[in-house]
K.L.:
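Structure provided below as structure tokens; questions to follow.
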Amino acid sequence: MSTNSNSYLYKISQFISGIGHPIFIPLYVTWILFNSNNYLSYAVTPKFQDFLYLMLFVVTFLLPAVITWMLWQKGHVKSFELENKNERPLPYFLTLCCYIGCTYLLFSLPLPRVFGLAMSGACLALLSTIIINFSWKISLHMMGAGGMLGL
């Protein structure tokens, strides 16, 4: 393969990795739950669905992304890919705190319990990832994909 081919494949793999990033999984799962032609589509009004998407975006995407950016600015992490497993515990733990807060909110809102339970599963998966990461560099992408598939 030529260098241009490898560069092109690398860009495609980066794009797929970006849209499949675990930070988007709560939004994807919520979208799937609302669009699977089940009772959830009717149990939650469209206006409340929009509110839920916004809340999930802020708490499970925006806050963790800003936190990771701040850690990068302060030199605690070298890149957003967190390639070094020793850089991962702090951003993962802070993201877990955001997820725990989101779980609390989901159980507090007038929603079917499946949303809070799904977020609880995400918390457990992230906690497992933090613990496993002390011994092995584990793929958060695969953990998120597995959780989404399991749900």
Side-chain angles (χ1 to χ4, degrees), residues 7 9-36 40-41 43-151:
S7 175
L9 291 175
Y10 178 76
K11 288 178 183 178
I12 290 173
S13 70
Q14 289 298 103
F15 175 76
I16 292 170
S17 181
I19 63 171
H21 196 282
I23 206 165
F24 295 119
I25 299 295
L27 288 168
Y28 293 157
V29 165
T30 303
W31 185 86
I32 289 168
L33 288 174
F34 282 140
N35 292 285
S36 297
L40 298 171
S41 306
V44 182
T45 65
K47 190 172 185 176
F48 199 76
Q49 287 179 20
D50 292 342
F51 166 76
L52 187 58
Y53 286 127
L54 179 62
M55 184 198 74
L56 286 169
F57 175 78
V58 170
V59 179
T60 67
F61 172 77
L62 194 59
L63 282 175
V66 168
I67 288 168
T68 304
W69 178 80
M70 289 171 57
L71 291 172
W72 175 72
Q73 287 288 308
K74 297 289 184 183
H76 295 288
V77 297
K78 293 179 185 158
S79 73
F80 287 105
E81 285 86 21
L82 302 173
E83 293 168 359
N84 183 344
K85 78 177 183 102
N86 296 326
E87 295 178 347
R88 292 178 170 195
L90 182 58
Y92 284 7
F93 175 75
L94 295 172
T95 300
L96 177 62
C97 292
C98 293
Y99 277 32
I100 290 169
C102 186
T103 302
Y104 174 77
L105 288 171
L106 289 171
F107 278 122
S108 300
L109 293 170
L111 287 168
R113 290 180 47 87
V114 68
F115 293 99
L117 293 172
M119 202 66 212
S120 297
C123 289
L124 289 174
L126 188 52
L127 179 61
S128 299
T129 302
I130 293 168
I131 293 168
I132 292 168
N133 187 68
F134 286 113
S135 298
W136 300 287
K137 184 179 170 187
I138 187 170
S139 171
L140 196 58
H141 280 75
M142 294 312 299
M143 184 74 78
M148 188 166 65
L149 182 62
L151 182 70

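Keep in mind that this is a model prediction, so the values were computed, not measured.
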K.L.:
Among L33, L27, I32, exactly one meets side-chain contact (heavy atoms from CB on, under 4.5 Å) together with V29. Which residue is that?
P.N.:
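By the side-chain contact (heavy atoms from CB on, under 4.5 Å) criterion, V29 pairs with just one of L33, L27, I32: L33.
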K.L.:
Is the closest side-chain heavy-atom distance between L126 and L140 below 4.5 Å?
P.N.:
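With C-beta onward as the side chain, the pair touches.
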K.L.:
Is it the case that over 12 heavy atoms from other parts of the model lie below 6.0 angstrom from the CZ atom of F93?
P.N.:
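Not buried by this count: 12 neighbours or fewer within 6.0 Å.
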K.L.:
Supply the atom-to-atom distance W72 CH2 to W69 CH2, rounded to the nearest 0.5 angstrom.
P.N.:
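Answer rounded to 0.5 Å: 8.0 Å.
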K.L.:
If you define the side chain from C-beta out and look only at heavy atoms, does anything of P64 sit under 4.5 Å from L94?
P.N.:
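SC-SC contact between P64 and L94 ruled out.
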K.L.:
Rounded to the nearest 0.5 Å, what separates atom CG in L71 from atom CG in L90?
P.N.:
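Separation between the atoms: 5.0 Å.
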K.L.:
Roughly how far, to the nearest 0.5 Å, is the CD atom of Q49 from the CG atom of L111?
P.N.:
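The distance works out to 9.5 Å.
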K.L.:
Between CG of N35 and OG1 of T30, what distance do you get to the nearest 0.5 Å?
P.N.:
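Answer rounded to 0.5 Å: 10.5 Å.
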K.L.:
Hey, does I25 have a side-chain heavy atom less than 4.5 Å from the side chain of Y28?
P.N.:
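In short, these two side chains touch, coming nearer than 4.5 Å.
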K.L.:
Starting at CE of M119, measure out to CG of L105 and round the result to the nearest 0.5 Å.
P.N.:
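M119 atom CE to L105 atom CG measures 10.0 Å (nearest 0.5 Å).
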K.L.:
Check whether any side-chain N or O of R88 sits under 3.5 Å from a backbone N or O of T129 as a donor-acceptor pair, and report yes or no.
P.N.:
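Side chain of R88 to backbone of T129, a donor-acceptor pair under 3.5 Å: no, none is there.
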K.L.:
So, do I67 and C98 sit near enough that their side-chain heavy atoms are less than 4.5 Å apart?
P.N.:
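Yes, at least one pair of side-chain atoms sits under 4.5 Å.
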K.L.:
What pairs of residues pass the side-chain hydrogen bond (donor to acceptor under 3.5 Å, both in side chains) test when at least one of them lies in residues 133-151, not counting sequence neighbours?
P.N.:
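Output for this query lists S17-H141.
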K.L.:
Which heavy atom of P91 sits nearest a heavy atom of V77, and at what distance?
P.N.:
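What the structure gives for the nearest pair is CG-CG1, 4.1 Å.
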K.L.:
Angle class for the H21/F24 ring planes (parallel below 30°, perpendicular above 60°, tilted otherwise)?
P.N.:
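Perpendicular: the ring planes of H21 and F24 meet at over 60°.
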K.L.:
Return each pair, listed once, that meets side-chain hydrogen bond (donor to acceptor under 3.5 Å, both in side chains) where at least one residue sits in residues 104-114; pairs must be two or more places apart or across chains.
P.N.:
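Every pair satisfying side-chain hydrogen bond (donor to acceptor under 3.5 Å, both in side chains) with a residue in residues 104-114: there are none.
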K.L.:
Is the distance between the ring centroids of Y92 and Y99 less than 6.0 Å?
P.N.:
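Here the rings of Y99 and Y92 have centres that are no less than 6.0 Å from each other.
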K.L.:
Indicate yes or no for a side-chain donor-acceptor contact from S41 to the backbone of F34 under 3.5 Å, with no hydrogens or angles considered.
P.N.:
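Answer holds: yes.
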K.L.:
Quick one: are F48 and L109 in side-chain contact, heavy atoms under 4.5 Å?
P.N.:
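Yes, side chains in contact.
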K.L.:
Mind checking the CG-CE spacing from L106 to M55? Nearest 0.5 Å is all I need.
P.N.:
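Result: 4.0 Å between the selected atoms.
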